[in-house]
There are 2 protein chains.
Amino acid sequence: MNTDATPTRTRLLNAALGIVREQGYEATTVDELCAAAGVSKGAFFHHFASKEALAVAAAEHWNAVTSALFANAPYHLLDDPLDQLVAYIDFRAALLDGRSIPEATCYLGTMVQETYGSHPVIREACFAGIAGHARTIEEIIRAAKARHAPQASWSAEGLALHTQAVLQGAFVLAKAKNDLNLARESILHLRRYIELLFHYAKED
Amino acid sequence: MNTDATPTRTRLLNAALGIVREQGYEATTVDELCAAAGVSKGAFFHHFASKEALAVAAAEHWNAVTSALFANAPYHLLDDPLDQLVAYIDFRAALLDGRSIPEATCYLGTMVQETYGSHPVIREACFAGIAGHARTIEEIIRAAKARHAPQASWSAEGLALHTQAVLQGAFVLAKAKNDLNLARESILHLRRYIELLFHYAKED
DNA sequence: AGTTGCGTACCAACTGGTTGGTATTTCGTC
DNA sequence: GACGAAATACCAACCAGTTGGTACGCAACT
């Protein structure tokens with residue numbers, strides 16, 4: 001086994017991202033994770049003190065993977081921060097294309113609903129990840145607000161968190177209907193909200 | 001035991017609504033449910049064929065409880081459907097007051113994330129509940145649209161589902177931060193979106 | 001160069017406790 | 001005494017985590 005070049009630890013983290021998004025945290029067994037990573041149980045507990053510790057490490061891994069994805073996304077190239085914001089939302093919608101539901105949805109949002117009470121460590125890792133990503137959007141919103149709506153009563157921080165809430169909610173509905181199109185439509189509503197907030201002229 | 005007047009079956013259903021919203025479906029054990037309901041395990045399996053069957057029955061129970069709550073809510077008394085819609089959103093925000101996170105959040109949305117792949121029966125029950133409630137909002141939106149924005153490009157159905165997505169997402173974020181105020185803020189953004197869509201004049 | 005010592009990575013088998021579910025018995029009421 | 005509701009006792013399967021051990025690289029010492 002382990003003919004793959006990626007180190008065992010990373011293989012387990014990636015397996016966690018996949019299986020937990022499919023089944024949730026509690027329903028995912030350590031044996032399943034080991035099997036998916038092609039690794040023995042001894043190796044698992046060599047790298048991670050507990051299943052909970054893996055979940056936390058996987059959250060950090062998720063943050064690393066997704067921040068790289070967003071850092072290289074095209075919306076940063078636009079000049080106007082408002083254009084960037086709208087392009088970010090379109091980018092989030094585009095991320096659904098050609099993906100299955102577990103592939104398209106968020107590892108953090110999936111886990112936090114079932115762990116927020118019983119596993120505070122996981123909950124905090126989830127919030128840190130979501131809030132961290134929101135902060136990058138907050139900066140874009142802050143710049144857009146300064147240029148286009150300096151008098152607006154809403155805060156950049158609140159709107160940034162709201163964008164994440166809409167995305168998470170879109171994932172919940174998509175899973176309930178087993179259909180990602182539901183998520184697409186909610187993201188479109190989010191886009192329209194931003195446009196209305198900024199009196200943004202649609203070009204399409 | 002069982003000095004309570006409510007029948008065993010209902011006690012188990014109510015216990016499920018509480019504990020599952022706290023811990024999620026998989027982390028909730030049958031023994032826990034029995035203990036919370038003050039009922040033996042034999043009684044549990046006398047009333048429900050399986051844990052999964054209880055979850056589905058509890059979803060229907062949740063629908064019954066919440067539809068009664070919304071049916072009696074004050075927003076129905078308003079004349080203008082747009083006023084009703086805005087009042088509905090305010091009502092949803094008011095439902096957070098004085099409640100803990102498990103009390104304030106949605107049984108269906110909590111469960112569906114971890115069961116949508118492995119328990120299709122539960123997933124369908126969750127979607128049926130959410131979609132059913134959305135349909136009542138859809139009617140209000142349809143009337144409001146006919147009166148105030150007949151030309152609008154969005155559909156009543158889509159917007160109704162979006163309102164539910166925002167609420168579900170607000171719950172996810174609130175759980176992640178362990179703070180219901182996050183949900184309040186997102187619901188406020190949803191209110192503003194509706195106002196902007198309808199060019200609704202704020203009176204407050 | 002050989003080998004000794006040691007830390008890291010990994011493995012297969014096992015354990016103690018828990019879980020959903022069952023078999024059987026008892027209770028309550030018509 | 002019949003019949004459904006509820007209690008007790010129990011089981012096989014499963015789970016997170018442990019154990020005791022192997023393989024291997026690397027450095028130090030001879």
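Any value given below was found using the heavy atoms of this structure, including those in side chains, with hydrogens, waters and symmetry copies removed. Below, chain A is the first sequence line, B the second, and so on; all start at residue 1. Only a predicted model underlies this, so the values are computations on that prediction, with no experimental measurement involved.
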Using a 4.0 Å heavy-atom cut-off to protein, can you give one letter per nucleotide of nucleotides 9-18 of chain D, 5' to 3': B if the base is in contact, S if only the sugar-phosphate is, - if neither? ------SBBB
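Between B:Y193 and A:H189, the ring-plane angle classifies as perpendicular under the 30° and 60° cut-offs.
Heavy-atom minimum distance, A:G38 versus A:R11: O-NH2, 3.6 Å.
Not one side-chain nitrogen or oxygen of A:T8 sits closer than 4.0 Å to the OP1 or OP2 atom of C:dA9. One finds a side-chain N or O of B:H47 lying less than 4.0 angstrom from the OP1 or OP2 phosphate oxygen of D:dA6. The phosphate of C:dC10 (OP1 or OP2) has no side-chain N or O of A:H46 nearer than 4.0 angstrom.
Remark: the backbone N or O of B:L54 is not paired with any side-chain donor or acceptor of B:H47 at under 3.5 angstrom. Judged by distance alone, the side chain of B:R99 and the main-chain N or O of B:L95 form a donor-acceptor pair under 3.5 Å.
A distance of 10.0 Å separates CG in A:L85 from CZ in A:R191, rounded to the nearest 0.5 Å.
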